[in-house]
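Take a look at the structure set out below.
Chain naming here is simple, since letters A, B, ... match the order of the sequence lines and numbering starts at 1 in each. We use all heavy atoms of the structure for the numbers below, so side chains are in, but hydrogens, waters and symmetry mates are not.
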Amino acid sequence: MQLVLQIIANGLLIGGLYALLAVGLTLIFGVLRVVNFAHAEFMMLGMYGAYWLWALYGLDPYLSVFLVTPVIFLLGVAVDRLIVRRSIGKPDVTVVFATLGLSIFLQNAALTLWRADIRSVSTFATGSVFVVGGVRLSVAMTVSFAVALLFALALWIFLTRTMYGKGIQAVAQNRRAAALMGIDVKRAYMITYSVAVAAAGAMGVLVAPIFTIFPRVGQTQIVTIFVIVVLGGLGSVPGAVIAALLVGIIRSGAGFLFGTAWGELAYFAVFLLVLIVRPQGLFGRRGAEVYGG
Amino acid sequence: MIALHEASITVEEGETVTVLGANAAGKTTLLNGISGLVPLRHGTILFNGESIENLPAHERVARGLIQVPEGRLVFPFMSVEDNLRLGAFTPRARVHLKSSLERVYDLFPRLPERKAQLAGSLSGGEQQMLALGRGLMALPRLLMLDEPSLGLAPLLVQEVMDRVARIRAEGVTVLIVEQNVNQTLKFADRGYVLENGWVALSGSAAELGASDEVRKAYLGM
Amino acid sequence: MLDVQNVTVDFVGLRAVDHASFTVEQGQIVGLIGPNGAGKTTLFNVVSGMIRPTSGSVLFEGKDLSRLGPADRNRLGIGRTFQVVKPFGGMTVLDNVVVGALTRGQSRSDARETARATLDRLRLGRFENTVARSLPLALRKRLEVARALATGPKLLLLDEIMGGLNPTEVNETLALIQELNSEGLTFLVIEHNMSAIMRIAEKVLVLNQGALLTEGPPAVITRDPQVISVYLGEPIEST
Amino acid sequence: MKIVDSTPISPAAARITAAAVLVLLLLLPLFIRNIYWIDLGVTVLIWASLATAWNISGGFAGGLSLGHAAFFGVGAYTSTLLFLRLGITPWIGIFVGAVLAGLLGALLGVITFRLKGPFFVLATLAFGIVIHIINVNWRGLTRGAAGLLLPFRGGPQNMLFLNLWAYWYLALGLLVLTVGISAAIERSRLGYYLVALREDEDAARSLGVRVVRSKVVAAATSAALAACVGSVYAAFIQYIDPDSTTQFELSVQIALVAIVGGMGTTFGPVLGAAIVIPLGEILRARVGGGAALVVYGLLLMVIVLAAPNGAIAGVRLLVLRFRRLIQSRGATDA
Amino acid sequence: MKVGIRRVMFFALIVAFVITGGHLFAGGAAEPAPAEEVGITTLRVGALFPQTGGMAFGGSNALQGTQIAVDLFNETNPHGITVELFDADAPDPATGTTGVRQLITQQNVDVVMGTFSSAVASATAPAAERLNVLYVETTAWAEGITRNTSNVLRTTISSGSLGAAAADFILTGLAEELGVAEADMRVALVFTDDEFGTSIADAAVGRIDDSPARLVVRESYPAATTSDLSSVLLRIQQERPHAVIHIAQVPDGVLFWRQAQQLGVDMPAVVGVGGGYGQEDFARPLGTNSDGIFNVVPPTSGSINVESLTPEAQNLLSELQSRVEARGWTQGPYTDWGFMGTWVFLNEIVPNAASTSIEDMMAAAANVNVDALDSITGFGFEFAGVDHENSGQNLRAIPVVQQWQDQRLRVTYPRDLAVADFINVPLPPWEERTQPIRQ
């Protein structure tokens with residue numbers, strides 16, 4: 001029983017980390033109809049931000065997150081203006097490969113600038129553990145978990161309770177009509193994209209003390225995040241959160257039962273199955289899968 | 001009040017003006033050009049004396065230049081009331097949100113009954129009412145209607161036209177594009193006939209309705 | 001020719017078509033009218049095989065279609081257009097129509113001939129090499145008809161092809177329908193333009209909230225108080 | 001409203017150009033002595049075939065696959081394993097691999113034919129990863145990451161040559177085959193159907209186009225050809241492992257080559273290989289691996305944003321301009 | 001007109017076929033000219049290492065070792081032999097194969113040396129074999145490289161011996177230190193699913209299966225994409241093995257330990273094999289928690305007691321060190337292995353070979369006898385003969401067991417090579433540790 005609880009706790013914690021990435025990715029898709037293949041690269045940049053501030057100035061990641069996140073936000077603004085905005089409404093090939101190109105670019109720019117060396121960061125939280133009812137929870141992961149859920153909640157409230165949030169939803173549902181409501185559609189795109197990638201960057205900072213940092217670290221996450229957002233229904237924020245937690249638990253459970261490698265296979269198989277049987281995802285709206293571009 | 005050179009059109013305050021023309025004559029393009037959804041190749045648009053052709057769409061909306069687009073384009077996964085609220089997105093309209101909402105609910109009594117329902121689940125006629133109401137929420141100085149009766153059952157066509165006439169009666173300036181030429185000419189003040197992007201003919205509604213050319217080309221008589 | 005029997009379509013939380021039954025005879029032009037959301041297009045989708053009915057069946061020339069998809073139904077002779085036009089945007093107008101002709105087993109050169117002839121007939125000949133996406137809406141609607149005609153249908157389902165046309169354009173379209181009908185083509189036509197329907201339809205089906213409200217000759221239908229109250233609003237005078 | 005006309009380049013002109021290029025490629029061995037260039041040439045030919053294979057489902061049918069490395073891998077592994085375990089020559093193995101991959105492609109086609117846009121992309125991506133995971137972990141069959149070595153036994157009867165030019169001709173033959181099939185499909189009934197399905201599936205169905213059949217045939221053909229390329233690759237390099245056959249990055253590059261050249265056209269992918277592969281090689285040699293990929297990523301972004309129709313569109317434009325120039329000359333002469 | 005063009009094209013195609021067909025048959029196989037002279041006066045050496053891409057760092061180190069060995073050999077030149085070095089990049093198998101062909105047919109090299117990467121070597125060594133050229137492997141460990149080929153001399157260790165050594169150490173030295181009988185030993189094996197991990201794991205499994213001990217966990221995972229090893233650790237926690245063999249890269253190595261601490265998974269002993277466990281990047285984040293973690297590797301100058309080497313070997317080492325420094329390079333384990341392998345090949349094999357043919361070289365290699373104390377790496381050289389299943393393998397390249405002590409790797413086993421005693425056997429449980437895993 002203890003073991004089962006521990007497996008679930010592990011899954012939930014890691015799922016919370018995924019959630020912060022997945023919420024942003026799903027939001028970008030929902031509003032811009034762009035699958036942001038470069039999403040996890042912003043997490044990688046966030047991790048490097050945390051590393052350099054820590055290595056050069058001894059800044060704790062829990063402080064540097066307030067510096068790095070705005071920088072990544074600005075980077076998001078630039079990327080939106082230069083790349084993403086130009087691909088919106090274009091053929092699938094543009095929409096898919098523009099951000100895929102960005103991902104290759106950022107990954108290798110990091111490789112060229114900072115080499116493949118593996119780096120790591122520590123904070124007071126590294127290695128500290130709470131024990132709740134015999135279940136051990138890493139402090140660092142619990143912090144990131146809490147931030148992820150708070151972010152998702154804040155985003156959800158923003159989208160459904162504020163006028164501007166509803167404006168962004170309006171853009172997601174019909175660009176032309178939204179423009180006719182006086183909504184600055186380009187600005188909505190920019191804000192959506194930048195907020196989402198800034199969240200990925202923040203997540204990078206927060207997990208820097210948990211994972212090691214190297215240029216391809218984003219790649220270790222991105223496919224899992226895709227699985228999550230499709231499972232949750234592309235475009236659905238609550239769906240992404242629930243699916244992230246679910247995937248976390250499935251992975252940790254399947255990994256324990258079948259071994260990591262075959263557990264991995266199992267969950268990709270589930271992913272394919274969901275795509276085939278219920279492409280709108282578990283919580284998505286029917287028809288979303290045929291929106292395409 | 002408004003001018004689009006090459007296809008030059010003027011709408012004075014308080015007027016109802018209709019644009020007629022065969023398909024592909026450029027009527028929708030004209031409205032979208034005024035709204036800023038499509039860029040103008042050249043020409044100027046003056047709105048209340050201000051040149052606005054270089055402004056983005058949302059800033060034209062902020063100045064009260066409102067379009068109710070062809071095909072209604074309501075936000076399907078949002079409630080009726082949220083759709084209406086979004087109509088008053090601009091700061092100018094937002095301060096009057098409450099009174100506007102009352103006015104719209106008053107004008108379209110079927111909408112308050114369904115205010116919590118998702119707009120996508122409304123029938124076509126109800127959606128058109130919603131789209132009109134949403135347009136009114138923006139407190140238009142000029143309301144542009146693109147084919148408000150398109151795809152509607154005859155019963156609803158009458159209802160929509162009736163509402164448009166009422167909106168007009170409330171003093172809203174209206175520019176309307178409509179294939180239902182007969183009905184439109186009944187309440188319009190003036191009209192333009194567009195051919196291949198050029199204004200081929202213009203005059204009062206009565207003149208146009210009586211013109212042989214118009215009758216032959218557009219009224220099927 | 002077409003026999004729709006007791007068709008019901010349920011969407012999530014919504015009955016779109018409710019036990020609808022009707023027939024279309026060989027050589028007829030039948031109108032299908034009803035308020036927006038009455039289920040007309042859904043019924044078209046059932047007949048053309050785009051969606052499967054929850055219950056009920058569709059027979060075409062006595063053959064049960066329930067196991068056939070849209071492609072096979074088209075090959076049996078059911079052609080259709082779409083309310084929201086669906087051209088093959090990146091293809092030329094000619095190639096759009098060639099696709100229709102090819103599925104009839106014609107060779108590529110024969111298919112091109114058929115396509116050209118069809119385009120000429122619909123006065124689209126001069127747009128042969130035009131990229132379909134760049135055609136104006138009315139011509140795209142006509143292209144849909146051309147494409148469907150190229151498949152050599154016996155029954156053609158037209159979904160609001162006159163919406164957005166001005167009266168003169170409507171007249172042209174009606175003339176074409178009558179001409180094709182005189183050559184033996186059967187039509188089932190969804191249209192809001194009642195005066196147009198009245199001029200060509202032999203029979204009109206009225207659909208309301210998914211169920212067949214009534215059917216009959218146009219002259220009768222337009223005076224039916226039920227039809228007037230749910231759909232027309234006032235009687236239509238024949239012109 | 002701007003009405004756009006499309007003036008096609010005459011098929012005869014395209015055919016003559018293709019034949020001229022083919023003659024040139026056949027005669028190339030007479031002029032080149034440096035092994036490096038031959039190796040590069042064979043690599044370009046292999047990539048051209050691979051991108052052409054991808055293009056049949058990715059370009060014509062519009063299903064942007066990010067899982068084609070799976071089929072390439074199936075081809076490479078099938079012919080190699082048949083040779084290693086059962087002593088069956090790759091000349092036969094290549095067909096077995098093609099059939100297997102074709103079946104797999106058909107299966108993928110059947111399960112994904114309904115998906116559009118990013119959903120299709122993600123499904124193929126997941127499929128590719130599943131095959132890769134199996135490849136890495138089914139070590140009893142594939143030897144996992146250790147890879148398989150094709151021992152040099154027998155020579156030509158086993159598709160193993162000492163003379164590199166033999167691979168040149170092998171790869172050239174393969175390219176002629178893939179391009180031939182691709183061209184045949186483009187001009188065939190199926191080609192029309194695929195493009196129609198790509199443009200609007202409902203409309204195509206309503207015109208009698210059988211969706212599943214068309215898409216599955218395209219997917220299977222594409223997969224089978226990719227597998228053939230895999231077998232030839234294995235014979236050429238004589239060592240295969242999961243990283244060089246079924247990795248995700250490989251799938252991306254296959255699509256990239258086709259896109260750069262011009263997807264949805266017969267010769268676009270070939271042109272793409274002739275551009276991308278040497279460019280990658282030059283970049284790698286001049287500026288190093290990481291920086292080369294930086295440029296690669298940039299190139300990908302710029303191409304899809306600025307010229308989503310690929311290099312072949314530029315060539316088309318040049319040809320049309322040139323022809324117009326000649327025509328106007330002729331007009332003034334007359 | 002049209003017909004005319006078609007006919008011309010057809011004719012041209014036929015001509016092209018005829019010409020090229022003739023060319024193909026006339027050309028035949030590109031056999032390199034056999035060496036006629038008896039004894040070697042000049043030797044053209046091709047060096048094939050990854051110099052770009054993800055493996056560039058280690059590959060360059062190995063290449064630098066080779067370069068220094070060649071320079072030193074040419075300067076001293078006791079045998080009147082001149083060595084010319086040509087290098088080629090090998091970031092992946094396909095490019096590596098091109099490199100081999102180019103080196104052999106364009107630069108006419110007599111021998112190819114490489115390769116750092118096992119995956120690349122698996123393709124390039126057979127490519128050289130096809131062209132009848134000797135391949136000297138100084139730095140790649142995959143078992144198959146010597147097993148599947150007849151032209152390879154490997155101066156360094158093989159993965160099989162690494163895995164076997166790890167298992168042997170656990171079953172003997174470690175079991176004894178833990179006070180557990182061999183038959184009672186429970187071993188867990190966790191490895192990355194790449195060539196490196198699987199080949200070592202296979203050898204370890206073979207050895208454990210032959211012993212009375214039990215393998216209780218056997219888990220692999222993809223090194224590149226793993227972000228969570230908690231399920232593996234929970235399995236370990238459940239099975240309570242006495243020793244864990246973990247074959248890892250750096251990121252997953254660190255992750256494994258961070259999560260072990262977080263989950264409170266106590267392991268009496270953990271034995272890494274090469275890779276991540278041997279690098280500072282691994283130990284740094286672990287801090288004092290790395291004290292007591294074992295690692296099995298071929299020894300290097302950095303890990304052995306240099307004092308015990310012969311004076312000649314010590315001189316050689318300082319020569320290497322000063323040259324590395326002079327050129328602004330950094331010395332790593334691969335520099336040592338690249339250097340020493342090349343050095344032994346040039347000094348002990350080349351002068352004694354009748355020609356550069358594989359047979360003559362192999363024959364000369366059969367007589368090599370270099371003692372461990374004569375080598376800067378701490379292992380000697382003696383090559384398996386042609387009848388051996390691992391023909392050409394350096395049989396004296398035997399790994400040692402190191403242990404992290406105060407952030408330094410020290411050889412602790414076998415005892416006769418040890419520079420330090422065991423510490424922390426068994427590892428203290430997490431409750432007794434004070435330092436979290438950090439820097």
Side-chain angles (χ1 to χ4, degrees), chain A residues 3-4 6-7 9-11 13-15 17-18 54-55 111 115-131 135-141 207 209-217 219-224 248 251-264, chain E residues 52-58 190-193 198 217-238 249-265 276 279-282 284-287 289 430-431 433-439:
Chain A
L3 184 70
V4 174
Q6 184 71 56
I7 289 173
N10 291 346
L13 284 183
I14 206 112
L17 305 187
Y18 296 150
W54 177 80
L111 184 73
R115 306 181 172 283
D117 299 11
I118 287 141
R119 303 167 199 272
S120 54
V121 171
S122 307
T123 74
F124 70 93
T126 311
S128 323
V129 169
F130 303 79
V131 182
V135 173
R136 301 173 63 100
L137 305 171
S138 139
V139 172
M141 285 183 88
V207 299
I210 302 169
F211 301 131
T212 45
I213 303 159
F214 51 101
R216 293 188 194 280
V217 66
Q219 262 197 330
T220 65
Q221 308 290 332
I222 189 67
V223 181
T224 310
R251 265 189 102 154
S252 115
F256 182 79
L257 291 175
F258 312 119
T260 315
W262 297 112
E264 192 105 328
Chain E
T52 60
M55 297 180 293
F57 186 72
V190 182
F191 56 101
T192 56
D193 63 10
T198 52
V217 175
R218 183 181 180 181
E219 284 257 20
S220 69
Y221 60 88
T225 58
T226 290
S227 56
D228 180 19
L229 290 171
S230 62
S231 51
V232 178
L233 284 157
L234 290 175
R235 287 281 299 278
I236 290 174
Q237 193 173 42
Q238 255 207 329
Q249 307 294 329
V250 174
D252 43 317
V254 174
L255 183 68
F256 181 84
W257 280 94
R258 281 185 169 161
Q259 290 196 312
Q261 178 176 37
Q262 177 222 318
L263 296 169
V265 179
Q279 303 198 23
E280 276 181 32
D281 286 342
F282 166 77
R284 202 184 309 118
L286 268 57
N289 288 320
W430 291 109
E431 276 82 56
R433 301 190 189 207
T434 48
Q435 198 191 5
I437 294 182
R438 64 162 75 171
Q439 183 155 6

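If you measure heavy-atom distances from Phe211(A) to chain E, the contacts under 4.5 Å come from both the backbone and the side chain. Contact of Pro222(E) with chain A is made through the side chain alone, with heavy-atom distances under 4.5 Å. If you measure heavy-atom distances from Tyr18(A) to chain E, the contacts under 4.5 Å come from the side chain alone. The parts of Leu263(E) that come within reach of chain A are both its backbone and its side chain, each placing non-hydrogen atoms under 4.5 angstrom from that chain. Contact of Ile14(A) with chain E is made through the side chain alone, with heavy-atom distances under 4.5 Å. With a 4.5 Å cut-off on non-hydrogen atoms, Ile213(A) does not touch chain E at all. If you measure heavy-atom distances from Gln238(E) to chain A, the contacts under 4.5 Å come from the side chain alone.
Atom CZ of residue Arg136(A) and atom CD of residue Gln6(A) lie 8.0 Å apart, to the nearest 0.5 angstrom. The CG atom of Leu257(A) sits 8.5 Å away from the CZ atom of Arg235(E) when rounded to the nearest 0.5 Å. Rounding to the nearest 0.5 Å places OG of Ser231(E) at 10.0 Å from CD1 of Ile236(E). Between atom CZ of residue Arg258(E) and atom CD1 of residue Ile210(A) there is a gap of 8.5 Å, rounded to the nearest 0.5 Å.
Chain A forms more heavy-atom pairs under 4.5 Å with one residue of Gly276(E), Ala56(E), Ser230(E) than with any other, namely Ser230(E). Counting heavy-atom pairs closer than 4.5 Å to chain A, the top-ranked of the candidates Leu234(E), Asp252(E), Asp281(E), Leu255(E) is Leu234(E).
At distances below 3.5 Å, not a single donor-acceptor pair connects side-chain atoms of Gln261(E) with backbone N or O atoms of Trp430(E).
The residue from Asp193(E), Val190(E), Asp228(E) that alone fulfils the side chain to side chain contact (heavy atoms under 4.5 Å, CB included) condition with Tyr221(E) is Val190(E).
Between the side chains of Thr224(A) and Arg251(A), a donor-acceptor pair is found at a separation under 3.5 Å.
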